[in-house]
Amino acid sequence: MASEKPQRTPNFIRNIIIKDLEQGKNEGRVHTRFPPEPNGYLHIGHAKSICLNFGLAAEFSGLCNLRFDDTNPVKEEEEYVRSIIEDVKWLGFDWEDRLYYASDYFKQMYEYAVQLIKKGKAYVCDLTGDQIREYRGTLTKPGVESPYRNRPIDENLDLFERMRTGEFPDGSHTLRAKIDMAHKNLNMRDPVMYRILHAAHHRTGDQWCIYPMYDWAHGLEDSIEGITHSICTLEFEDHRPLYDWFLDQLGVHHPQQIEFARLNLSYTVMSKRRLLELVKEGHVSSWDDPRMPTLSGLRRRGYTPESIRNFSELIGVAKRESVVDIAMLEYCIREDLNKQAPRVMGVLKPLKVVIVNYPQAEAEYLEAINNPEDSKMGTRQIPFSRELYIEQDDFKENPPKKFYRLAPGQEVRLRYAYFIKCVDVIKDPQTGEITELHCSYDPETRGGHAPDGRKVKATLHWVSAADAIDAEVRLYDRLFNVPDPTSDKDQNYKTFLNPNSLEILSNCKLEPCLADAKPGEKYQFERNGYFCVDSVESTTGRLVFNRIVSLKDSWAKIEKRL
RNA sequence: UGGGGCGUAGCCAAGCGGAAAGGCACAGGGUUUUGGUCCCUGCAUUCGGGGGUUCGAAUCCUCCCGCCCCAGCCA
């Protein structure tokens with residue numbers, strides 16, 4: 001019988017590859033690459049690209065390289081290289097021995113440039129940056145040729161060599177491709193191939209003082225590595241003619257550049273520049289703040305690699321610019337954790353309950369299921385005693401319609417324990433605030449079943465007061481309070497920051513089995529959500545949990561309509 | 001009034017001339033010791049708009065409208 005693996009949604013890039021394979025292009029090879037610039041941390045938008053490139057390679061028995069596009073030493077740092085490697089690995093992808101750096105190809109790129117000069121297709125230009133801009137023309141007006149455009153080849157060769165050896169200061173010369181200053185596509189108006197930058201590179205040190213520009217370098221990197229499909233984002237569509245031009249002039253292996261729309265997620269921002277700004281200005285604590293859409297932030301928050309890979313598959317790949325609803329991401333992590341995460345009881349906002357007819361000194365252990373979705377995860381024993389904590393939200397003195405939880409005179413079940421009924425509400429005489437509930441329990445309902453078959457409409461989670469362990473729990477909400485914070489042209493995106501994106505609860509009471517929970521471990525706090533032990537600030541003596549995502553809450557919806 | 005792209009449901013997204021896939025969200029129902037999960041059901045008579053070609057158009061032609069990207073010695 002045919003397996004019913006969920007069919008992957010087709011996308012145009014996969015279709016192109018299938019067609020190429022049918023036509024026998026590239027000797028039947030599929031070879032992609034993920035080419036980050038090490039100038040920032042990876043975010044979930046990068047994850048889309050990583051999953052696409054590595055996923056396509058895996059699907060067609062091909063290869064995918066990890067390559068650092070490190071052609072601009074003034075923006076790039078070793079630290080970013082480190083974090084990118086960690087993140088791609090964490091996501092679950094393996095580039096085997098194919099970790100490459102554009103900077104490893106500098107020598108070869110230089111030689112290719114010499115070839116172009118010899119063909120009369122490149123020249124050294126002495127125009128300043130401002131002049132180059134002026135000469136380029138505008139969107140509607142053609143450019144003007146540089147006075148240095150027709151320099152003799154020998155002179156170009158000499159000058160280019162001297163640029164390389166460090167004879168000239170930054171900005172004094174460039175190497176430019178000789179194409180067409182009247183081209184409709186501005187990228188083709190004699191683009192700069194090399195600029196002089198007396199800056200130390202994180203890998204090549206001061207070996208070079210000329211550095212290749214993206215357009216010149218990228219196609220060469222792809223070509224050298226034998227890439228077949230060079231997948232990039234939409235804004236490079238205008239650069240494709242140039243990508244093609246360089247490779248055609250050189251007559252070298254010519255990968256196909258294919259562009260797709262980058263990911264945007266609602267209620268957050270995705271550009272490295274803005275993310276960096278949020279960090280620098282202290283709107284978040286760091287790149288790995290659990291509210292950040294960075295991979296390190298999502299990891300710390302408690303997102304799993306599986307959930308992010310699944311998300312990447314679900315959102316698809318197309319050329320249409322779009323904003324994916326963050327509810328889709330939340331769905332993916334719930335779906336994963338529902339199957340994986342052990343259940344546990346934790347009270348976030350405690351309200352004390354005294355079981356008035358439960359013997360003073362008595363205590364007992366009750367059996368609880370670790371994961372109803374997976375019986376292999378077994379059971380555990382949880383302590384029960386006369387004084388407990390329940391959630392403040394689970395009691396209402398004047399319950400609205402459809403409120404099934406605890407209320408004066410109303411009976412509910414304590415999960416895995418007993419039916420209880422509220423008999424008295426104790427308040428602070430000064431403030432009127434409810435400080436304690438007195439309840440009676442039915443000893444016949446041990447384990448949660450009533451021998452007389454009577455039903456109860458709600459089951460509450462609880463923790464034995466004497467046995468509870470204390471923890472801090474951090475609740476996260478969306479970082480911005482509008483779906484698309486950058487779409488408003490008149491208002492800075494930061495004016496839409498959600499001031500309540502972090503809520504710290506410091507008096508949470510958890511089941512004792514959590515006492516030695518390890519950083520990174522994920523649990524479902526029943527009826528609350530999924531939580532992850534913070535990997536940075538949690539210690540054995542002071543447990544800190546991050547809420548990854550709440551459980552779906554249909555009561556909240558009903559309540560909202562009341 | 002330059003060039004390059006893109007418009008299919010609230011959000012993603014298939015489809016590429018022969019009766020509008022799928023997912024998220026949403027709504028209703030069933031199961032349930034998590035108001036969770038799971039299971040059903042519903043959710044585009046129509047594909048940005050107008051013309052045209054065709055027996056037949058989301059798919060082809062044409063005009064129009066809207067949105068995005070491009071004038072770094074960034075990537």
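Remember, predicted model here, so these are calculated numbers, not experimental data. Order of the sequence lines fixes the chain letters, A, B, ..., with proteins taken first and strands second; residue numbering starts at 1 for each chain.
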Look at Lys141(A) and rG2(B) and indicate whether a side-chain polar atom (N or O) is within less than 4.0 Å of OP1 or OP2. no
By the 4.0 Å heavy-atom rule, please label Leu337(A) as base, sugar-phosphate, or nothing. nothing
May I have the distance from Phe531(A) (atom CZ) to rU34(B) (atom C1'), rounded to whole angstrom? 13 Å
Distance test, side-chain N/O of Arg343(A) to OP1/OP2 of rU34(B), below 4.0 Å: no
CG of Leu242(A) versus C1' of rC70(B): gap in Å, rounded? 13 Å
Just call it for Thr138(A): base, sugar-phosphate, or nothing, with non-hydrogen atoms closer than 4.0 Å on any strand. base
Would the base of rG35(B) count as contacting Arg405(A) through its side chain, where contact means a donor and an acceptor less than 3.5 Å apart? yes
Rounded distance [0.5 Å steps], OG in Ser554(A) versus NZ in Lys557(A): 7.0 Å
Could you tell me whether the phosphate oxygens of rC69(B), OP1 or OP2, come under 4.0 Å of any side-chain nitrogen or oxygen in Lys319(A)? no
Closest-nucleotide mapping onto RNA chain B: is Pro36(A) or Val324(A) further toward the 5' terminus? I mean the 5' end. Val324(A)
Within the structure shown, what part of the strands sits under 4.0 Å from Ser322(A) by heavy-atom distance: base, sugar-phosphate, or nothing? sugar-phosphate
Is the shortest side-chain N/O distance from Lys557(A) to OP1 or OP2 of rA27(B) below 4.0 Å? yes
Mind checking if Ile558(A) touches a base, just sugar-phosphate, or nothing, with heavy atoms under 4.0 Å? base
Arg334(A) side chain to Ser550(A) main-chain N or O, any donor-acceptor pair under 3.5 Å? yes
Would you kindly check if the NZ (Lys) or CZ (Arg) of Arg33(A) is within the cone defined by 45 degrees around the ring axis of Tyr100(A) and under 6.0 Å from the six-membered ring centre? no
What's Ile315(A) touching, base or sugar-phosphate or nothing? Going by heavy atoms closer than 4.0 Å. sugar-phosphate
Roughly how many Å apart are rA58(B) and rA21(B), using the C1' atom of each and rounding to a whole number? 14 Å
Electrostatic pair Glu259(A):Arg240(A) at N-O distance under 4.0 angstrom: yes
rA75(B) phosphate, OP1 or OP2, under 4.0 Å from Arg195(A) side-chain N/O: yes
Students often get this wrong, so: under 4.0 angstrom with heavy atoms, is Pro73(A) touching a base, only sugar-phosphate, or nothing? nothing
C1'-based separation of rG3(B) from rA71(B) [nearest Å]: 12 Å
N/O (side chain, Arg136(A)) to phosphate O (OP1/OP2, rG72(B)) under 4.0 Å: yes
Taking any heavy-atom pair under 4.0 Å as a contact, classify Phe403(A): base, sugar-phosphate, or nothing. base
Side-chain N or O of Arg320(A) versus OP1/OP2 of rC67(B): is the shortest distance under 4.0 Å? no
Nearest nucleotide by nearest heavy atom, which residue falls closer to the 5' end of RNA chain B, Arg240(A) or Thr71(A)? Arg240(A)
Between rC67(B) (C1') and Lys489(A) (NZ): distance, integer Å: 10 Å
Determine if the base of rG17(B) is syn or anti; take syn to mean the glycosidic torsion is within 90° of 0. anti
Touch class at under 4.0 angstrom, heavy-atom based, for Phe236(A) against every strand present: base
Separation of rG2(B) atom P from Asp238(A) atom CG, nearest Å, is 15 Å
Answer with yes or no whether Arg334(A) presents, from its side chain, a donor or acceptor under 3.5 Å of a partner atom in the base of rU37(B). no
Starting from the C-alpha separation in whole Å, work towards a yes-or-no answer on salt bridge (charged side-chain N to carboxylate O under 4.0 Å, His left out) for Arg527(A) and Asp393(A). CA-CA 11 Å; Arg527(A) 304 208 307 133; Asp393(A) 289 348; over 6 Å; no
Quick one: are Val353(A) and Trp462(A) in side-chain contact, heavy atoms under 4.5 Å? no
Under 4.0 Å between any heavy atoms, over every strand shown, what does Pro483(A) touch: base, sugar-phosphate, or nothing? Just pick one. nothing
Under 4.0 Å between any heavy atoms, over every strand shown, what does Val74(A) touch: base, sugar-phosphate, or nothing? Just pick one. nothing
Got a second to check how far Leu116(A)'s CG is from Tyr112(A)'s OH, nearest 0.5 Å? 10.5 Å
Could you measure between the two C1' atoms, the one in rG4(B) and the one in rU8(B), and give it in whole Å? 23 Å
Inter-nucleotide P distance (rG52(B), rA9(B)), Å rounded: 25 Å
rG36(B) base to Glu373(A) side chain: any donor-acceptor pair below 3.5 Å? yes
Indicate, with a heavy-atom threshold strictly under 4.0 Å, whether His239(A) touches base, sugar-phosphate, or nothing. base
Spacing of the C1' atoms in rG29(B) and rC65(B) (rounded, Å): 44 Å
Side-chain contact test, heavy atoms from C-beta onward, threshold under 4.5 Å: evaluate it for Phe311(A) versus Leu263(A) and give yes or no. yes
Relative to each other, are the rings of Phe525(A) and Phe531(A) parallel, tilted or perpendicular (30° and 60° limits)? parallel
Could you check which of rG72(B), rA14(B), rU34(B) has an atom nearest any side-chain atom of Arg133(A)? rG72(B)
Taking any heavy-atom pair under 4.0 Å as a contact, classify Asn15(A): base, sugar-phosphate, or nothing. sugar-phosphate
Got a second to check how far Ile227(A)'s CD1 is from Asn65(A)'s CG, nearest 0.5 Å? 4.5 Å
So does Arg561(A) get a side-chain nitrogen or oxygen closer than 4.0 Å to the phosphate oxygens (OP1/OP2) of rA27(B)? yes
Using the P atom as the reference point in each nucleotide, state the distance between rC16(B) and rC12(B) in Å, no decimals. 22 Å
Rounded to whole Å, please give me the gap between CE in Met328(A) and P in rC26(B). 13 Å
In whole Å, what separates the C1' atom of rU46(B) from that of rU41(B)? 22 Å
Please state how far atom CD in Glu237(A) lies from atom P in rG4(B), giving the value in whole angstrom units. 11 Å
What is the distance from NE2 of His183(A) to P of rC70(B), rounded to the nearest Å? 17 Å
Using a heavy-atom cut-off of 4.0 Å across all strands, would you classify Val456(A) as base, sugar-phosphate, or nothing? nothing
If you measure from the C1' atom in rC61(B) to the same atom in rC73(B), how many Å do you get, rounded? 46 Å
Consecutive-pair stems (3 or more, Watson-Crick or G-U, under 3.5 Å) for RNA chain B: B:2-7 with B:65-70, B:10-12 with B:22-24, B:26-30 with B:38-42, B:48-52 with B:60-64
Are any of the side-chain heavy atoms of Gln410(A) and Lys421(A) separated by less than 4.5 Å? no
What does Met213(A) touch in the nucleic acid at a heavy-atom separation under 4.0 angstrom: a base, only the sugar-phosphate, or nothing? sugar-phosphate
Flag the pair Tyr530(A) / Tyr523(A) as yes when their ring centroid distance falls below 6.0 Å, and as no otherwise. no
Is Tyr214(A) stacked against the base of rA75(B), taking the criterion as centroid distance under 5.5 angstrom and interplanar angle under 30°? no
Rounded distance (Å) that lies between atom C1' of rC73(B) and atom CG of Asn187(A): 14 Å
